[in-house]
Every structure is written in C-alpha cells, then in structure tokens.
Amino acid sequence: MNMPLLIGLAAPPVFLMILYISTHNQIVRRRSNVTESWSNIDVVLRRRHDLIPNLVRTVQAHAAFEKDLLERLVAAREDAIHGLARTDESARLESRLAGNLKTVLARVEDYPDLKTSQAFLELQSELVNTEDRIAAARRFYNSNVREYNTLIESFPASWVAQNLQARPESYYELDTPVEALTSSQSAAV
C-alpha cells in the first residue's frame, strides 16, 4: 500500500480522537471551575451565617428590639445553614435571610445608642465586607457557569458533553442587604 494513502486514511480518525480528548478535557476543566467557584460562595455564606449570632447579641444588649424580629432572623439563618447546597432552594433561603437582615438593620435607625456602639459598628463593617465578598464570589461563579454552559451547548463540544452526561448549571442569584448595611453605616458616621 502506498504511504501517502495510508496517512490520508489515518489522519481523520486521529484528528477526531484528538478533538474529542481536547474537548473532554475542556469540559472537565470548566466543570471543575464551577465547583471550585461554588466553594467560594459557600465559604462567604458561612461567614455571614457566623456573624448573625453576634449581631443578635449586640442588638439585644443595646436596644429593646422586637423579639419576633430577631427570632425570624435566627430562624432564617438556621434554614440557610441547612440549605447550602447549590440549588434554587439555597438561593431562596439566602434571600429570606438577607431580607430579615435588612429589616433588622433598618430598625437600628430607631436606636441611636446602638448606631454609635463600637461593637455594632465593627460588626456592621464585617457584614458589609462579607456582603461584598458574597457579591464577588457570586459574580465569579456565574461567570464560570456561563463559560461552562456555553461550552457544553456549542458544537462540537455538545456531542462530547452528551456523552459525558454534562448538564447545564444554574446561575446563583440572591438578594443581598448591602444597601441597607451601607446606608445605615454611613448614617452612623
């Protein structure tokens, strides 16, 4: 058999195999990026969860806050802690927690001695910092999800993704109380 003909017959299968392996590795790498970026969200959400009990203690020590309001905040925190999986339910629970946190922080305006308490101001600063971290981690995660979803829905990667049973990931959207935190923090200064 003639050598150029043999090379011509072998080249397409070798090219397809290289293309498949390369695409497979891209999908795995992007899926790993999504998982890693979710871990970043998980870390900062846990940080926020850890700050809530300190907020409740600080507020109770300086103000005659409505017991029901603080109990709702604590209950929302507990629900959010148990719902940390990467799901729409987690986003709903975190949004509920954020809403309760906004309400508590809005009520701080009624207690001037609490607004000027050094412990509260430090805690409020930590919460603002944590909310900024959550927003950054969410942007990073959503960017990785966009890249991953685009890859597995594009040709020829969609064929490889189908073989890998790769499914599109959901974006992670949640409300954050940054506005309430920053507005009450600037009012206290």
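These values consider heavy atoms only, across backbone and side chains, with no hydrogens, waters or symmetry-generated copies. What you see is a predicted model, and the numbers here were worked out from it, not measured in a lab.
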Novice: Looking only at heavy atoms, which two atoms of R77 and I52 are closest? And how far apart?
Specialist: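 So the minimum-distance heavy-atom pair works out to CD-CB, 3.6 Å.
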Novice: Closer than 3.5 angstrom, by distance alone: can the side chain of S37 be matched with the main-chain N or O of V34 as a donor-acceptor pair?
Specialist: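 Yes.
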Novice: What heavy-atom pair brings L105 and F120 nearest, and what distance separates the two atoms?
Specialist: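 It is CD2-CZ, 3.9 Å.
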Novice: Counting only N and O atoms by type, is there a donor-acceptor contact under 3.5 Å from the side chain of S32 to the main-chain atoms of V28?
Specialist: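 Such a contact is absent between S32 side chain and V28 backbone.
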Novice: Here's a test for you: under side chain to side chain contact (heavy atoms under 4.5 Å, CB included), which of L51, V59, T58 qualifies with L55?
Specialist: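 It is V59, the one option of L51, V59, T58 that forms the side chain to side chain contact (heavy atoms under 4.5 Å, CB included) with L55.
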Novice: Looking at S125 and L121, would you say the former's side chain and the latter's main chain have a donor-acceptor pair under 3.5 Å?
Specialist: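 No, the answer is negative, given that no donor and acceptor are paired below the 3.5 Å cut-off.
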Novice: Looking at CD of E94 and CG of L101, how far apart are the two atoms once the value is rounded to the nearest 0.5 Å?
Specialist: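 That separation rounds to 10.5 Å.
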Novice: Which pair of heavy atoms, one from R167 and one from I152, lies closest together, and at what distance?
Specialist: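 What the structure gives for the nearest pair is C-CD1, 3.6 Å.
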Novice: Say whether, by atom type as modelled, one donor and one acceptor occur between the side chain of T150 and the main chain of E147 under 3.5 angstrom.
Specialist: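 Such a contact is absent between T150 side chain and E147 backbone.
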Novice: From R29 CZ over to H24 NE2, what is the distance, rounded to the nearest 0.5 angstrom?
Specialist: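 R29 atom CZ to H24 atom NE2 measures 11.5 Å (nearest 0.5 Å).
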Novice: Can a donor-acceptor pair be found, under 3.5 Å and without considering hydrogens, that links the side chain of N142 to the backbone of Y172?
Specialist: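 It does hold such a pair.
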Novice: To the closest 0.5 Å, what do you measure between OG (S90) and CG (L45)?
Specialist: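 Here the rounded value is 6.5 Å.
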Novice: In terms of side-chain heavy atoms, does E36 have a donor or acceptor partner in N144 at a distance below 3.5 Å?
Specialist: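 Side chains of E36 and N144: no pair found under 3.5 Å.
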Novice: Please assess R72 against D68 for the test salt bridge (Lys or Arg N to Asp or Glu O under 4.0 Å), listing each intermediate value before the final yes or no.
Specialist: CA-CA 6 Å; R72 283 193 317 244; D68 180 54; 2.8 Å; yes
Novice: Nearest heavy-atom pair of E153 and P168: which atoms, and what distance?
Specialist: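 Result for this residue pair: OE2-CG, 3.7 Å.
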Novice: Partners of E122 by salt bridge (Lys or Arg N to Asp or Glu O under 4.0 Å), sequence neighbours excluded?
Specialist: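 Result, salt bridge (Lys or Arg N to Asp or Glu O under 4.0 Å) vs E122: none returned.
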Novice: Keeping T116 on the side-chain end and P112 on the backbone end, is there a donor-acceptor pair under 3.5 Å?
Specialist: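 Flag set: sc T116 to bb P112 pair under 3.5 Å.
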Novice: Side chains of R57 and P53: does their closest heavy-atom pair fall under 4.5 Å?
Specialist: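 R57 reaches P53 side chain to side chain.
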Novice: Any chance the side chains of N149 and Y171 put a donor and an acceptor closer than 3.5 Å?
Specialist: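 No, because no side-chain N or O of N149 sits under 3.5 Å from a partner of the opposite role on Y171.
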Novice: To the nearest 0.5 angstrom, please state how far the OH atom of Y148 sits from the CG atom of N33.
Specialist: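 One gets 11.5 Å once the value is rounded to the nearest 0.5 Å.
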Novice: If only atom types and distance count, is the side chain of N163 paired as donor or acceptor with the main-chain N or O of W159 below 3.5 Å?
Specialist: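 Not confirmed, N163 side chain does not pair with W159 backbone.
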Novice: What are the two closest non-hydrogen atoms of N100 and A76, and how far apart are they?
Specialist: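 For N100 and A76, the tightest heavy-atom pair comes out as ND2-CB, 3.4 Å.
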Novice: So, for A157 and I27, which heavy atoms are closest and what is the spacing to 0.1 Å?
Specialist: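 In terms of heavy atoms, the two residues are closest at O-CD1, 3.8 Å.
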Novice: Got S170 and V145 here, is their nearest side-chain heavy-atom distance under 4.5 Å?
Specialist: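 They are not in side-chain contact.
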Novice: Do the side chains of E169 and R31 get close enough for a salt bridge, i.e. N-O under 4.0 angstrom?
Specialist: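 So E169 does not pair with R31 through a salt bridge.
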Novice: Between T130 and R47, does any side-chain donor sit less than 3.5 Å from a side-chain acceptor?
Specialist: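 A donor-acceptor contact under 3.5 Å links the two side chains.
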Novice: Using the rule given for side-chain contact (heavy atoms from CB on, under 4.5 Å), can you reason through V104 versus L69, listing the C-alpha separation, both sets of side-chain angles and the distance that settles it, and then say yes or no?
Specialist: CA-CA 7 Å; V104 167; L69 183 61; 3.8 Å; yes
Novice: Could you give the distance from CG (D42) to NE2 (H49), rounded to the nearest 0.5 Å?
Specialist: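 Going from CG on D42 over to NE2 on H49, the span is 9.0 Å.
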Novice: Y141 and N40: side-chain contact (heavy atoms from CB on, under 4.5 Å), yes or no, with the steps?
Specialist: CA-CA 8 Å; Y141 171 80; N40 294 338; over 6 Å; no
Novice: Output the distance between atom CZ (R48) and atom CD1 (I134), rounded to the nearest 0.5 Å.
Specialist: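 CD1 of I134 is found 4.0 Å from CZ of R48.
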